[in-house]
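As the structure is a prediction and not an experimental result, all values here were calculated from the model.
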Amino acid sequence: MPSEDIETTPERGSGWRLRSTLAVLIAAGAALMIAACGGSSGTAAAPAASTGGPSGTLSFATFPPTEWDPVTSQAGNDVNDLSLVYASLIKLDPQGNAGPGLATSLAWSDNGLTLTLQLRKGVTFSDGAPFNAQAVQVNLKRGEDAADSLIAPQLSPIKSVQIINPYELALHLSAQDYGLPLVLGGKTGMMVSPKAIASNVKGLDTQPVGAGAFVLKSYTPDGQAALVSNPTYYDAAAIKIANLNLQFITDPQSVLSSIESGQVQLATIQGNQVQAVKAAGLKVAVFPSLHVDSIEVNDKVKPFDNHLVDEAINYALNRKALLQTLDGGIGQVDDEPFPPGYIGYSPSVANYYTYDPAKAKALLARAGDPAPVTITWDTGLGEPEAEQIQAELGAVGIKSSLVAIPETSMAELVYVKHSVGFNPNGIVGRESPLQMLNIQYAADGLLNPGRDASPALTQALANVAKYPLTDPRYATALKAATALAVQQSPNIMLFTAPWILAYSPKLSGLPNYIDELSLEDVRLAP
């Protein structure tokens, strides 16, 4: 079995660097965009010299997790909160490349059907339980078998888990899936204390027990969460903040008020708030991300079961105007689930749906008079996007109504019950580009409300998994699957949405992670 060390193996390392090189293209585009709006790029202010252990209290305005359990978490955006308290088997670097986490090295068998992991020694969970191969086995089995698991599709290639010794195990696969290490760098690879799983698995919804950088001390749903740094975290030296208060403030105007008043020192904001934040003497950082503003369309609900109607809606939407109104023009018009320059982005379908009201009307004439459309909107974000979409659909003759859904109910109605037909939202990306495509477009995809996919698309997705990340055929197959998804799926992509962070001048060292927000090496001056 050829060895494949995450940190040093040249062949596999070059494969991960391939993804990094493509991420640089995103960063370059973002830098130009940032310069135009007067923001900052790269790491936000160089960190000050270390003065010892963690110190200070950082208040961060962010979204609440749907649940603190990585197995039952219902939203991709939850990874930002969950990654604070859980460590994953694989740790992704700022460009999204696989690196050592709770697993320090990995090796593929020659046929690509066995992945062997060497595990980090001396790690304990926040309840004192030891981390070892048995803990990994317990977590993977629960992720695969639990009736309420939402990560089971990502783990489905794993046929069995073999414990070789307390700190080494082999994952035997039913089919090749060379992107699995990337998948294990997110929620799918987050390790929960086996003691907590055995004693109070339902309690994990609100009482996470992990081995991450922070430990949750108190939690008020839709209110706030108080966390403290974890001294036993394997990379504790990278954590400079002693206390972290997550303030669950989702209304854009309330977020702006909280950062301007000093209630919080860090917040994610909208692009049209950048100038107001700067005028208040605060700083703004814009980083590339895998986020794309989108509309989830359920083609089991009329009139979206008629693909001509779906196409007409795509041509009726003025993506450039939506980007300007909703995000101050910070981003790029996009028809795909990946930003331009990313490895999964397919130039063959770039600008596949241009703004063309006349073509939209012609398609609607062929489709017949469609049933009225119900446009939902999330009460936590407000309704400007829904109202603008309603106006653009009305301009081509599509009647619609607006229905507000409480933020606390949105994930369950859209992703679990699949009862919503047309949901303006956004995708936050996934650690693996194939994982993103599967979640968005596969027949069992969490973000595919209609839960169907053509045989051709299903095969195209399966083809991607067969190639190592270093194989040129991997990128080719990935782009082909993306192109087919754009052409066939009713789901609608609108524009890219980079990280836009407002922060206090006292804060330094914000790192630019493309997959998730990270607080490593972030410092807060007195």
Side-chain angles (χ1 to χ4, degrees), residues 6 16 19 65-93 96-103 106 115 117 119 131 133 135-161 169-194 197 201 204-205 208-212 290 411 415-416 427-440 442 444-448 461 464-465 469 513-516:
I6 289 178
W16 289 320
R19 195 166 174 233
T66 57
E67 295 184 7
W68 284 96
D69 183 349
V71 169
T72 58
S73 156
Q74 298 170 11
N77 202 47
D78 288 352
V79 70
N80 295 306
D81 294 325
L82 271 59
S83 63
L84 296 170
V85 295
Y86 295 110
S88 296
L89 288 172
I90 302 298
K91 185 175 181 179
L92 304 184
D93 71 10
N97 305 312
L102 290 176
L106 58 82
L115 178 63
L117 302 176
L119 304 179
F131 169 75
V136 176
Q137 186 180 54
V138 168
N139 273 269
L140 295 181
K141 180 172 177 55
R142 177 178 175 241
E144 288 181 293
D145 297 344
D148 55 355
S149 172
L150 295 179
I151 63 171
Q154 286 77 262
L155 294 171
S156 61
I158 301 176
K159 182 172 59 176
S160 64
V161 178
L169 76 163
L171 309 182
H172 299 290
L173 311 186
S174 57
Q176 293 166 327
D177 187 0
Y178 285 102
L180 183 59
L182 295 175
V183 173
L184 296 176
K187 287 195 294 183
T188 305
M190 289 181 179
M191 294 290 103
V192 180
S193 165
I197 292 173
V201 68
L204 293 170
D205 291 354
V209 185
L290 296 178
Y415 306 130
V416 179
I427 57 176
V428 298
R430 291 298 188 274
E431 294 74 23
S432 158
L434 176 57
Q435 179 189 8
M436 184 66 252
L437 289 177
N438 278 322
I439 287 176
Q440 186 72 66
D444 60 354
L446 179 66
L447 304 186
N448 181 4
L461 294 171
V464 180
L469 306 189
Y513 278 73
I514 194 171
D515 288 286
E516 63 187 45

Side chain proximity check, [X] to [Y], heavy atoms < 4.5 angstrom:
| X | Y | value |
| --- | --- | --- |
| Asn80 | Glu516 | yes |
| Val183 | Leu434 | no |
| Pro65 | Leu82 | yes |
| Pro70 | Ile151 | no |
| Val136 | Val161 | no |
| Gln435 | Thr188 | yes |
| Val201 | Leu204 | yes |
| Leu119 | Phe131 | yes |

Taking side-chain hydrogen bond (donor to acceptor under 3.5 Å, both in side chains) as the definition, give me every residue that meets it alongside [X], ordered by chain and number, with sequence neighbours left out.
| X | value |
| --- | --- |
| Lys141 | Asp145 |
| Ser193 | Asp127 |
| Asn448 | none |

Using 0.5 Å steps for rounding, measure from the [atom1] atom of [X] to the [atom2] atom of [Y].
| X | Y | atom1 | atom2 | result |
| --- | --- | --- | --- | --- |
| Leu89 | Met191 | CG | CE | 4.0 Å |
| Met190 | Ser73 | CE | OG | 8.5 Å |
| Asn139 | Tyr86 | CG | OH | 9.0 Å |
| Leu461 | Gln440 | CG | CD | 11.5 Å |
| Leu447 | Met436 | CG | CE | 5.0 Å |
| Leu115 | Leu117 | CG | CG | 4.5 Å |

Check: Taking only residues at least two apart or on different chains, which pairs with a member in residues 175-191 satisfy salt bridge (charged side-chain N to carboxylate O under 4.0 Å, His left out)?
Finding: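 The answer is none; no pair qualifies.
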Notebook entry, point to check: Could you give all pairs that pass the salt bridge (charged side-chain N to carboxylate O under 4.0 Å, His left out) test and reach residues 67-80, with sequence neighbours left out?
Noted result: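 Listed by first then second residue: Asp69-Arg142.
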Check: Which atom names give the shortest non-hydrogen contact between Pro194 and Val138, and what distance separates them?
Finding: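 Nearest heavy atoms, Pro194 then Val138: CB-CG1, 4.2 Å.
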Next item on the list: Identify the two heavy atoms, one from Leu92 and one from Glu431, that lie closest to each other, and give their separation to 0.1 Å.
Entry: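 It is CD1-CG, 3.3 Å.
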Next item on the list: Determine the sole option in Asp515, Leu469, Ile90 for which the side chain to side chain contact (heavy atoms under 4.5 Å, CB included) test with Leu182 is passed.
Entry: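 So the option named by the test is Leu469.
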Note to self: Taking side chain to side chain contact (heavy atoms under 4.5 Å, CB included) as the definition, give me every residue that meets it alongside Ala211, ordered by chain and number, with sequence neighbours left out.
What the structure shows: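 So Ala211 forms a side chain to side chain contact (heavy atoms under 4.5 Å, CB included) with Val123, Phe125.
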Notebook entry, point to check: Taking it one step at a time, do Val79 and Val428 satisfy side-chain contact (heavy atoms from CB on, under 4.5 Å)?
Noted result: CA-CA 10 Å; Val79 70; Val428 298; 5.6 Å; no
Would the distance check show the side chain of [X] and the main-chain N or O of [Y] forming a donor-acceptor pair, the cut-off being under 3.5 Å?
| X | Y | value |
| --- | --- | --- |
| Ser156 | Pro153 | yes |
| Asp93 | Asn97 | yes |
| Ser160 | His172 | no |

Next item on the list: Let me see the working for Leu173 and Ile158 under side-chain contact (heavy atoms from CB on, under 4.5 Å), right down to the final yes or no.
Entry: CA-CA 4 Å; Leu173 311 186; Ile158 301 176; 3.8 Å; yes
